[in-house]
**Student:** 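Attaching a single structure in structure tokens format; questions to follow.
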Amino acid sequence: MMTPFAKKVYSIVAKIPLGQVRTYKWVAKCAGRQRASRAVGTILKNNPYPLIIPCHRVVKSNKTIGGYIYGEKRKKMILELEKGIAICLANKE
DNA sequence: CAAACTATTCAGC
DNA sequence: GCTGAATAGTTTG
């Protein structure tokens with residue numbers, strides 16, 4: 001099921017640049033419900049395309065890992081990888 | 001750490 | 001439809 005709030009969340013999260021991270025609160029605020037940070041987490045884990053939605057770029061407010069379908073450890077690893085990729089792209093340009 | 005709060009979903013009635 | 005419970009959170013104490 002796709003609620004308007006979820007749609008907005010997907011659109012916003014999908015636009016997060018490589019190597020960048022956002023917080024659940026930030027996403028919730030952009031989606032129009034700053035207090036719905038919790039719903040963002042539930043939505044992201046129930047998202048229809050967990051592979052094309054960079055949920056690993058969404059973290060808690062204190063930058064700690066909230067959760068991840070493949071495990072918090074993978075999420076952290078992916079974040080480090082993307083950070084390196086972003087630097088590589090920046091150097092190339 | 002525990003409690004309250006929030007938006008959404010799900011099971012039961 | 002409503003209520004109660006649950007969730008990858010946040011805030012307050």
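Below, read A as the first sequence line, B as the second, and so on, with proteins coming before strands; counting in each chain starts at 1.
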**Student:** Do any pairs count as a salt bridge (Lys or Arg N to Asp or Glu O under 4.0 Å) and have a residue in residues 79-93 of chain A, sequence neighbours left out, and if so which ones?
**Tutor:** R57(A)-E82(A), E80(A)-K83(A)
**Student:** Under 4.0 Å between any heavy atoms, over every strand shown, what does A36(A) touch: base, sugar-phosphate, or nothing? Just pick one.
**Tutor:** sugar-phosphate
**Student:** Report the stems of DNA chain B as range-with-range entries sorted by first number; a stem here is at least three consecutive pairs, Watson-Crick or G-U wobble, both distances under 3.5 Å, and write none if there are none.
**Tutor:** B:1-5 with C:9-13, B:7-13 with C:1-7
**Student:** Would you say the side chain of V21(A) lies within less than 4.5 Å of the side chain of V58(A), judging by non-hydrogen atoms?
**Tutor:** no
**Student:** On DNA chain C, nearest-nucleotide positions of T42(A) versus S61(A): which is more 5'?
**Tutor:** T42(A)
**Student:** Quick check: do L79(A) and V59(A) have side-chain heavy atoms less than 4.5 Å from each other?
**Tutor:** yes
**Student:** For DNA chain C, note the earliest and the latest nucleotide, 5' to 3', having some atom under 4.0 Å of a heavy atom belonging to chain A.
**Tutor:** dT7(C) to dT11(C)
**Student:** Does G67(A) reach a base, just sugar-phosphate, or nothing at all? Heavy atoms under 4.0 Å.
**Tutor:** base
**Student:** Measure the distance from NZ on K60(A) to P on dT6(B) and round it to the nearest whole Å.
**Tutor:** 19 Å
**Student:** Taking all atoms of both residues into account, what is the closest heavy-atom pair of I43(A) and F5(A), and its distance?
**Tutor:** CD1-CD2, 3.3 Å
**Student:** For the backbone of G67(A) and the side chain of K75(A), can you confirm whether one donor and one acceptor N or O come within less than 3.5 Å of each other?
**Tutor:** yes
**Student:** Given that N46(A) and R35(A) both sit by DNA chain B, which one's nearest nucleotide is further toward the 5' end?
**Tutor:** R35(A)
**Student:** Take the protein atom CD1 of I43(A) and the nucleotide atom C1' of dT8(B), then report the distance between them rounded to whole Å.
**Tutor:** 6 Å
**Student:** Could you report the tightest heavy-atom contact between C55(A) and Y68(A), atom names first, then the distance?
**Tutor:** SG-CE1, 4.3 Å
**Student:** Between T42(A) and R38(A) (side chain of the first, backbone of the second, donor and acceptor by atom type, cut-off under 3.5 Å), is there such a pair?
**Tutor:** yes
**Student:** Given that A39(A) and Q34(A) both sit by DNA chain C, which one's nearest nucleotide is further toward the 5' end?
**Tutor:** A39(A)
**Student:** Under 4.0 Å between any heavy atoms, over every strand shown, what does Y24(A) touch: base, sugar-phosphate, or nothing? Just pick one.
**Tutor:** base
**Student:** Quick check: closest heavy atoms across A86(A) and G19(A), and the distance to 0.1 Å?
**Tutor:** CB-CA, 4.2 Å
**Student:** Closest approach of I16(A) and R22(A), non-hydrogen atoms and distance?
**Tutor:** CD1-CG, 3.6 Å
**Student:** Describe the nucleic acid contact of K45(A) in one word from base, sugar-phosphate, nothing, applying a heavy-atom distance below 4.0 Å.
**Tutor:** base
